[in-house]
Amino acid sequence: MITIPLLLLIFIVYTFFKSYNSIIKQRNQVENALASTDVLLKKRYDLIPNLVSSVKQYMQFEESTLSKIVSLRSSLMDKSGTEEARMKQDTELTSLLGKVMVSIENYPDLKSNSNMLHLQQSLMEIEEQISAARRSYNASVMQYNNTIETVPSNIVANFMSAKRKTSFEISSSERETVSVKELFNGN
């Protein structure tokens, strides 16, 4: 006959293993979502030299912006920084690319160049895919963080030394309304 303490022990062991496996699966989902984002970022990074080269032929605009784009691309390809630092650099790169794309509107010859049109279209498609991948990553992070912070799985998470993951976030300057006039003036 099964006694109440034995049933309680079975329940505790079952809950422990169920929570442990859930945390592992969700952590792996977060890592998979981040890896998917990295694949898309790599595609974007591969386009950047072509974009910079095409833009340089037409504009003498903001050499420092183009240099910063190339520098950020290089540092992000290195992958030596923390996850949070890489997210911040990627956000900065996204902002700079947006400024370049808006500034292209000032150059009719560049805007109508077939190579530039193809680059713009490719970059816009990749940016949309990156945005979707970031949403997927953030959803995975939220589910993981909820699991490691709620009872009873938080007990198992503490045992595993599971740490909270960081979501992709935009900077406060990107939350502000964009002034097209400032972008055209290079500010």
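Just so you know, these numbers come straight off a predicted model, no measurement behind them.
- Side-chain atoms of Asn32 do not come within 3.5 Å of backbone N or O of Asn28 as any donor-acceptor pair.
- Atoms OG and OH, on Ser167 and Tyr144 in that order, are 12.5 Å from each other to the nearest 0.5 Å.
- Considering only heavy atoms from C-beta on, Glu31 comes within 4.5 Å of Arg27 through its side chain.
- The neighbour count for Leu7 CG, taken as heavy atoms of other residues, nucleotides or ligands under 6.0 Å away, is above 12.
- Proximity of a side-chain donor or acceptor of Ser140 to a complementary backbone N or O of Ser136 within less than 3.5 Å is detected.
- Cluster membership check: Val13 shares its hydrophobic cluster with Phe159, using side-chain heavy-atom separations under 4.5 Å among Ile, Leu, Val, Met, Phe, Trp and Tyr.
- Ile130 is not connected to Leu34 by any chain of hydrophobic side-chain contacts under 4.5 Å among Ile, Leu, Val, Met, Phe, Trp and Tyr, and they are in different clusters.
- Between Ile126 and Leu40, the closest heavy-atom pair is CG2-O, 3.6 Å.
- Contact between Tyr137 and Ala33 at its shortest, heavy atoms only, is CA-CB, 3.6 Å.
- The main-chain N or O of Met87 is found under 3.5 Å from a side-chain atom of Thr91 such that the two form a donor-acceptor pair.
- Rounding to the nearest 0.5 Å places CD of Glu127 at 5.0 Å from CG of Leu123.
- Residues Lys43 and Leu47 are not in side-chain contact: their nearest non-hydrogen atoms beyond the backbone lie 4.5 Å or more apart.
- Between Glu84 and Thr166, the closest heavy-atom pair is OE2-OG1, 2.9 Å.
- The pair Lys42-Asp46 meets the salt-bridge criterion, since a charged nitrogen lies less than 4.0 angstrom from a carboxylate oxygen.
- With contacts defined as side-chain heavy-atom distances shorter than 4.5 Å, the pair Lys25/Thr147 does not qualify.
- Proximity of Lys18 to Val156: side-chain heavy atoms (C-beta onward) are nowhere separated by under 4.5 Å.
- For the atom pair OH (Tyr14) and OG (Ser19), the distance works out to 9.5 Å, reported to the nearest 0.5 Å.
- Taking the side chain as every heavy atom from C-beta outward, Thr15 and Phe11 approach each other to under 4.5 Å.
- Donor-acceptor pairing under 3.5 Å is lacking for the side chains of Glu125 and Gln129.
- Leu41 and Met124 are assigned to two separate hydrophobic clusters, defined by single-linkage of ILVMFWY side chains at heavy-atom distances under 4.5 Å.
- Note on Ile23: it does not cluster hydrophobically with Met142, by side-chain heavy-atom contacts below 4.5 Å among ILVMFWY residues.
- When all heavy atoms of Asn154 and Glu149 are compared, the closest pair comes out as CB-C, 3.8 Å.
- Rounding to the nearest 0.5 angstrom, the gap separating the CD1 atom in Ile4 from the CG atom in Leu9 is 14.0 Å.
- Every residue meeting the side chain to side chain contact (heavy atoms under 4.5 Å, CB included) condition with Asn145, not counting sequence neighbours, appears here in chain and number order: Val141, Ile148, Arg164, Lys165.
- Distance check, rounded to the nearest 0.5 Å: CD of Gln26 to CG of Asn146 gives 8.5 Å.
- The 12-atom threshold is not exceeded at OH of Tyr20, counting heavy atoms of other residues, nucleotides or ligands nearer than 6.0 Å.
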